[in-house]
Amino acid sequence: MNLFAIIGEALRALRLNRLRTSLTMLGMIIGVAAVVLMLAVGQGAQTMVNQAIASIGSNLFIVVPGATSSGALRSAAGSVQTLTMADAQAIAHLPSVKATAPLVTGTAQLNYGANNWSTSVTGVTPDYFSVREWPAESGALFTDTDLRSASRIVMLGQLTAKNLFGDEDPTGKTVRIKNSPFVVAGVLAPKGQSLDGRDQDDSVFIPITTGQRQIFGNQFPGTIRFLMVQGISAEAMDEAEVEINQLLRQRHRIAEGMENDFTVRNMAAIAAVATGAAKVMSLMLGAIASVSLLVGGIGIMNIMLVSVTERTREIGIRMAIGANRRAILAQFLLEALVICILGGVIGVALGIGGAWAVSHATDMIIVITFGTILLAFAFASAVGIFFGYYPARKAAALKPVEALRYE
Amino acid sequence: MLLQQDNPGASLIKVENLSKTYSLETGVKGNGSVNSQVLFEVNLTISRGEFVAIMGHSGSGKSTLMNILGCLDTPTHGQYWLDGRNVAFLSDDELALVRNRKIGFVFQGFNLLKRMTALDNVAAPLLYAGVGRSESRKRALQLLSQTGLGNFAAYQPTQLSGGQQQRVAISRALINDPPLILADEPTGNLDTQTSREIMAIFEQLNRERGITVVIVTHEDDIAAFTRRLVRLKDGRVVHDGKVSA
């Protein structure tokens, strides 16, 4: 018995029933295409989440004033201003902390010539840009000197620069923020969307000291809106959280048993939740798509069973001229497998085409990996073997004399 | 009686006390099946080179005997040695091999594979003998030419006359050079003239190539081509000897 000859027989049988073969194959094509497309969408979503997480910066804590309370009627976190610049400096000296970046935030209107643009204005220290891993695209980031002298200089986000200056180079130009003139020190590199969906390029940054004294006008000098803390490593995060809590409790003179007047949030944990959610979505999409593959497989089994019954006499003839049970089993199993693999090839092509169309029609990121294609093929072949085996075994188990007598 | 496995040096076909009983499912609960015996203690020996007709009315058991001789069916009792080997000891795969190499079948309804060319039909047994495609086609074309169908190699069975189809079937039976040809009413669907031509082919194969030919028929003038007549009646051999023309 020669495998290639048996494949030839299987192909011949499939060609003889073109319509039936293509309809059966259609089930497989749709199933495989759906799996490929859904996995591509799911992995694309994961990539988007990962990009957003990476854009925050690595090993980050966010420390906000106020307690996260589970009790009744508590002022929301951040509504009281208990964190100060001195807290930020003290935390920066902790052994498992690499850097801190205190922030004050607000919204203001910017003017340049006839253009104006309302955006978020954030007062930061130079460390902010290293913590966020956010370099300047043109011009230069401001320095500790600018911080000390509370200079009126500003870094523009990409979108803000575009809206105010168009194609002009903003560096060195003067913009007005709340009617005070600021010199543009540079434009930041594009950052994209944040995890909560805001466009991070729609922003401007000024020295925190300038913000505190001249723009936001706070009744408690030296307080900050919140604080970003970067740990020295991913492994040291738990340690850093303990150290920050201890230090702040001590500095804020919080007695034993009293609640914190601040909250430390580990961004890695938040990122893990988001990644997990994206993974679950990806898995669910794949699972839903594989249901159609299952239905396609049942279609194959159905048709193969009909085919075996229709061709009982042919099976009898083949047995009479010397086909053993293995040869008959192989012939019918290969017919199912050929349908699946051919359907798989077309389905993968269709899935890739569909993914391409989706990525062009929407701004969704679509990711097709070699693994996805391999998985779709493996799944298709498994379906073929699983659903083709029973009809093939039924064919092979026929008794020669009874099969020959079948009308 | 002890089963005797092999019997080397024996005749091509040796059948001892062969019986066949069919169980028919009635579908009635508790009384699930009805037995119907179609062969009773048949003894038969056929040597190499013989040309034998098995005759009998319908229901005499001649087709059942033929199926058992062709290893398509198994006896209920008794023993059957084919070429010295007791087929009761052969596995399914070995039986398939025996059908492939030792036996060529010719059927009343031709039993060609539909929508396959005459050439592919003749070459089909070689598919299961592990012979390569080009070699198969060469041998098949040679056999078709010998039976005068060289020009019909690319025709499908439905495009051929009954006589031509039966020639294709005979070519197929011969492709593995078997020592035995079993023909079950090979002329049953053919007119008198064509029947004579087909019988002439069998006669020639037997005379010139020494192939043992066993033909089941119920027509006396077909049996007249052979040299030995076995007559069955109600599952028993009632005559075994010369053809009484």
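- For a residue to count as touching a neighbouring chain, one of its non-hydrogen atoms must lie under 4.5 Å from one of that chain's; by this rule B:R172 touches chain A with the side chain only.
- To the nearest 0.5 angstrom, A:I317 atom CD1 is 7.5 Å from B:F107 atom CZ.
- Around the CZ atom of A:F386, the shell of radius 6.0 Å holds no more than 12 heavy atoms that belong to other residues, nucleotides or ligands.
- Residue B:D120 touches chain A through its side chain alone, counting heavy-atom pairs closer than 4.5 Å.
- Between chain A and the residues B:N67, B:L97, B:L112, B:L113, the most heavy-atom pairs under 4.5 angstrom are made by B:L113.
- Pairing each heavy atom of B:A96 with each of A:A323, the nearest pair is CB-O, 3.8 Å.
- Between the B:R99 side chain and the A:M319 main chain, a donor and an acceptor come within less than 3.5 Å of each other.
- Residues A:R318 and B:L127 meet the side-chain proximity criterion, which asks for heavy atoms closer than 4.5 Å.
- Interface check for chain B: of the options A:A5, A:A320, A:G316, the most heavy-atom pairs under 4.5 Å are formed by A:A320.
- No side-chain heavy atom of B:E94 sits less than 4.5 Å from a side-chain heavy atom of A:N324.
- Side-chain contact between A:R12 and B:M116 is present, with at least one heavy-atom pair separated by less than 4.5 Å.
- More than 12 heavy atoms of other residues, nucleotides or ligands shown are found within 6.0 angstrom of CZ on A:F377.
- For the atom pair CD of A:E9 and OH of B:Y128, the computed distance is 5.5 Å after rounding to the nearest 0.5 Å.
- Comment: B:D93 does not engage A:R325 in a salt bridge, judged by the lack of any side-chain N to carboxylate O separation of less than 4.0 angstrom.
- Looking at A:R15, neither its backbone nor its side chain comes within 4.5 Å of chain B, counting heavy atoms on both sides.
- A 6.0 Å sphere centred on CE of A:M364 holds more than 12 heavy atoms belonging to other residues, nucleotides or ligands.
- Separating the CD1 atom in A:I321 from the CG atom in B:L126 is a distance of 9.0 Å, to the nearest 0.5 Å.
- Atom CZ in A:R313 sits 4.5 Å away from atom CG in B:N111 (nearest 0.5 Å).
- Between B:N100 and A:G322 the shortest heavy-atom distance is CB-CA, 3.6 Å.
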